[in-house]
Amino acid sequence: MTATLSSTLGLRHGRELPPICSDVRQKQRISIDTLPPEVKAPFPSDPVIPLRTKTTKEFQEDVERAVQSGDWREVREFYLTTFDSFIEINAAFKREANGSFNTIDDSGVNAKFVNAVYDALLSTPQDIQKSVLKGIINSLLREWKGPRTKDDLRAYLILVQNPQYSSTSTYVIYAHLLRQIAALSEADHHFLVHWLKKLSARRFRQLVERLLQFISTRLFPAEPDELPPLAKCSWWIPSATKVLGLFNAANSVSSSPIMPFTDFYNITLEHIDFMEEYRTWQNYGNSNRFSFCQFPFILSTVVKKAIIQKDSEQQMISQARQSLVSKVSRRQRVDMNLLFLNIKVRRAQLLSDSLDELMRKRCDLKKKLRVTFVGEAGLDMGGLTKEWFLLLVRQIFHTDYGMFTYMKDSRCHWFSSWKCDNYSEFQLVGTLMGLAVYNSIALDIHFPLYCYRKLLTPPTAPCDQNSVIGMATATLDDLQQIMPELAHGLGELLSYEGNVEEDFYLTFQVFQEEMGMVKSFNLKPGGDKIPVTKQNRKEYVQLYVDFLLNKSIYKQFAAFYHGFHSVCASDALMLLRPEEVEMLVCGSPELDMSALQKAAQYEGYSKTDSTVRCFWDVVLAFPPELQKKLLHFATGSDRVPVGGMADLNFKISKIEVPTDWLPISHTCFNQICLPPYRTRKELKHKLTIAISNAEGFGLE
């Protein structure tokens with residue numbers, strides 16, 4: 001058996017490696033009589049670890065001597081011994097050989113030594129590298145069912161960092177390691193998650209990228225025979241994805257993210273049948289039937305948006321089919337307008353007409369949107385739809401309208417807390433956001449991230465109209481996003497060292513201004529008679545934050561929530577993070593002007609004309625703030641659609657006017673019109689003036 005395992009290292013793919021299963025483990029026990037007692041034991045418990053005294057410095061000196069002399073015997077012996085078993089791995093890398101290290105706070109692993117050993121490994125002779133892989137095979141085969149000790153978890157933590165797994169020739173071994181880690185208990189995973197977050201950011205990123213590459217290569221091998229047939233190793237991708245989930249969890253529980261959540265996206269998955277993955281997930285949930293939708297962190301926003309749109313389209317097609325069948329069965333004339341959500345509005349009555357139309361046609365919200373302005377000729381090829389969104393958003397969010405308050409310090413809008421009999425206009429805003437997602441329109445809306453967390457609480461609208469919605473747990477950090485000055489004051493209250501009751505003179509009663517009148521609200525029953533003290537100040541702050549962000553605006557937000565979910569009623573919302581909902585509604589803040597240049601279309605100009613070349617020279621040299629202003633000037637939003645710059649259909653048109661004119665834009669068509677400026681300096685001067693004064697100027 002040992003000879004067979006060793007021989008796999010000489011094969012290109014290592015196809016001979018036996019599966020890790022109970023039969024193989026049983027055979028191993030019978031045929032190998034020389035196994036140490038601690039490995040023979042079916043339930044190993046705290047074995048005595050051999051004492052190894054080699055330090056990082058001594059190891060590095062050994063390697064240096066070997067490089068210079070060509071004599072690798074000492075280094076070879078170290079690698080051969082160290083990776084021979086889980087016991088030896090702990091002996092080499094545990095800071096104290098027989099220390100317990102049984103807490104999530106400290107793995108007990110000498111990370112510096114692990115890094116040094118792995119950093120040197122790929123530079124050693126091939127026979128040493130093969131001996132390490134052989135040792136890992138033997139280590140994995142010795143592991144049988146039963147509870148894992150913390151030393152076992154330490155070994156897994158160390159083995160998963162091996163840089164040899166970057167090569168496809170080691171993928172068979174890597175896959176078996178990942179399967180064993182994926183199969184660990186939830187309690188063991190909890191330990192690993194907290195130990196993984198202590199890795200250096202560089203090492204952490206390397207391991208995440210290696211797992212993503214493993215999944216991509218397994219899905220789309222460079223050569224047909226590069227890996228074993230997929231049918232024989234269908235467990236590879238589920239195992240790797242589950243282990244990647246541990247890294248994602250570690251990233252989430254870290255005090256600050258080790259890497260952006262978007263770096264966990266696997267763009268390769270944009271080329272698979274993700275709707276089949278989605279249907280599998282809908283039908284089987286989180287059962288043993290694997291679907292990438294069980295691990296939404298790996299799916300890009302592009303995939304999630306496509307799933308939401310296709311899911312809504314299927315619902316729309318189903319509704320349209322029912323309508324058509326009903327018409328035909330009654331021998332009525334079929335009107336193709338049945339396939340669209342047709343909105344007809346008067347410009348002078350834009351808000352009230354829009355509200356009436358959406359309320360009257362709420363059964364058609366999932367259909368393709370088509371807008372008509374009464375008294376104006378022309379078909380809606382996308383421009384009128386975008387103009388309708390732009391005009392509505394500007395009107396609704398205008399401070400004079402009073403639905404939303406603009407917070408100058410945080411530069412975002414928040415819900416006004418005034419009470420009224422009808423909150424249908426808040427429902428309209430939610431519906432607008434849902435329609436924007438469904439119709440791929442990026443809205444120039446500035447809500448704090450907490451708003452999108454509320455929208456996902458819960459992610460699918462409950463059937464019971466009386467169910468509580470939008471009551472996301474609110475913290476002082478959430479308030480900081482919206483009312484930073486108040487959040488700072490409450491933070492000072494929490495850290496105050498003096499006499500809180502006498503110096504602040506607060507009770508569990510707060511005051512809010514509504515329509516020019518100051519009203520009082522008790523945070524708890526009898527709150528006006530309960531003083532805030534050092535003992536209860538945490539409760540006071542928590543109740544006050546919850547009041548401001550949840551209770552005081554509950555009816556407004558509930559209407560807003562139902563409006564959004566009336567369009568985006570999809571299980572796919574459960575796949576989204578709040579940040580991703582924001583990206584779907586508003587677009588991405590990450591600008592790539594080079595990508596915009598590549599995707600740009602021209603009318604009256606060609607890309608080689610001097611005016612166009614000057615334009616791109618100027619724009620690419622602009623600081624980010626001016627680039628955002630340019631995008632806002634041309635499209636009505638300073639953010640990019642989820643699909644990237646190419647989805648903007650950005651156009652530069654020639655306008656035959658004197659060169660002392662400023663550029664103008666048609667935001668409904670993402671179009672900028674340039675006079676034929678003769679010099680770069682002239683173009684930069686005129687363009688900067690136009691985009692810096694864009695609000696209410698130069699926009700059509």
Side-chain angles (χ1 to χ4, degrees), residues 382-383 386-387 389-391 393-394 397-398 406 408 410-412 440-446 582-583 586-700:
K386 186 171 182 190
E387 183 180 11
F389 275 111
L390 286 170
L391 294 174
V393 165
R394 285 182 187 175
F397 285 88
H398 197 284
Y406 183 69
K408 289 184 180 179
S410 54
R411 299 175 68 184
C412 71
S440 299
I441 302 287
L443 296 182
D444 188 25
I445 289 177
H446 300 276
E582 181 181 24
M583 286 174 67
C586 308
S588 167
E590 301 298 324
L591 302 189
D592 182 353
M593 287 299 173
S594 296
L596 185 64
Q597 182 183 11
K598 288 176 185 174
Q601 303 165 33
Y602 300 96
E603 187 176 72
Y605 285 120
S606 73
K607 63 180 179 182
T608 57
D609 286 341
S610 61
T611 302
V612 171
R613 291 204 309 271
C614 288
F615 174 83
W616 288 115
D617 286 345
V618 168
V619 169
L620 293 174
F622 270 160
E625 203 53 45
L626 278 181
Q627 289 181 343
K628 285 187 176 183
K629 286 185 177 181
L630 170 74
L631 200 64
H632 194 280
F633 174 72
T635 71
S637 171
D638 62 2
R639 296 168 75 105
V640 185
V642 165
M645 288 292 195
D647 280 8
L648 278 176
N649 295 317
F650 177 69
K651 182 184 284 187
I652 298 175
S653 299
K654 188 173 186 177
I655 179 171
E656 296 292 354
V657 295
T659 55
D660 58 350
W661 279 46
L662 295 174
I664 62 172
S665 65
H666 300 282
T667 54
C668 303
F669 299 99
N670 299 334
Q671 182 179 22
I672 190 166
C673 301
L674 291 177
Y677 298 119
R678 288 180 289 271
T679 67
R680 184 179 185 276
K681 182 178 180 182
E682 183 182 27
L683 187 147
K684 181 179 180 181
H685 177 65
K686 294 289 199 300
L687 184 62
T688 303
I689 292 174
I691 66 176
S692 299
N693 299 274
E695 193 61 43
F697 176 83
L699 297 176
E700 294 185 2

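The chain is numbered in sequence order, starting from 1. The model shown is predicted, which means the values in this text are computed figures rather than measured ones.
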* Expected output: side-chain Asp638 to main-chain Leu631 donor-acceptor under 3.5 Å -> no
* Structure fact -> Hits for side-chain hydrogen bond (donor to acceptor under 3.5 Å, both in side chains) against His446, two or more places apart or cross-chain, chain-then-number order -> Asp444
* Glu682 side chain to Arg678 backbone, donor-acceptor under 3.5 Å -> yes
* Closest approach of Arg639 to Cys586 (non-hydrogen atoms, all atoms of both residues) -> CB-O, 3.1 Å
* Where do Lys628 and Leu591 come nearest, in terms of heavy atoms and distance? -> CG-CD1, 3.5 Å
* Indicate yes or no: at least one non-hydrogen side-chain atom of Lys607 is less than 4.5 angstrom from one of Tyr602. => yes
* Asked: So do Val640 and Glu590 actually touch side chain to side chain, heavy atoms under 4.5 Å?
  -> no
* Asked: Would a 4.5 Å heavy-atom cut-off, applied to side chains only, mark Ile691 and Leu687 as touching?
  -> yes
* Pairing residues for Tyr677 by the ring-ring contact (aromatic ring centres under 6.0 Å, His included) criterion, not counting sequence neighbours -> none
* **Atom pair CZ (Phe389) and SG (Cys668), whose distance is rounded to the nearest 0.5 Å** => 12.0 Å
* Asked: Is there a side-chain contact between Phe615 and Leu630 (heavy atoms, below 4.5 Å)?
  -> yes
* **Flag, side chain of Arg680 to backbone of Cys614, donor-acceptor distance under 3.5 Å** => no
* Can you find a heavy atom in the side chain of Lys654 that is under 4.5 Å from one in the side chain of Pro676? -> yes
* Look at the aromatic rings of Trp616 and Phe650 and report parallel, tilted or perpendicular, splitting at 30° and 60°. => perpendicular
* To do: Return the minimal non-hydrogen interatomic distance between His632 and Thr667, and the atom names on each side.
  => O-CG2, 4.3 Å
* Structure fact -> Between Pro675 and Pro658 the two heavy atoms that sit nearest each other are CB-O, 4.0 Å
* To the nearest 0.5 Å, what is the distance between CD (Glu603) and CD1 (Ile655)? -> 11.0 Å
* **Close side-chain approach of Ser637 to Leu390, heavy-atom, < 4.5 Å** => no
* Asked: From Trp661 CH2 over to Leu674 CG, what is the distance, rounded to the nearest 0.5 angstrom?
  -> 13.5 Å
* Asked: With a cut-off of 6.0 Å (strictly less than), are more than 12 heavy atoms of other residues, nucleotides or ligands near NZ of Lys686?
  -> yes
* Structure fact -> In short, Met583 meets Val642 closest at the heavy-atom pair O-CG2, 3.5 Å
* Structure fact -> The reported gap from CD1 in Ile441 to CD in Glu387 (rounded to nearest 0.5 angstrom) is 12.0 Å
* Asked: For Val612, does its backbone N or O pair with a side-chain atom of Asp609 as donor and acceptor, under 3.5 Å?
  -> no
* **Main-chain N/O of Ser653 paired with Gln671 side-chain donor or acceptor, under 3.5 Å** => no
* To do: Check the pair Thr635 / Lys386 against side chain to side chain contact (heavy atoms under 4.5 Å, CB included), numbers first and verdict last.
  => CA-CA 10 Å; Thr635 71; Lys386 186 171 182 190; 3.7 Å; yes
* **Spacing of CG belonging to Asn670 relative to NZ belonging to Lys651, to within rounding of 0.5 Å** => 10.5 Å
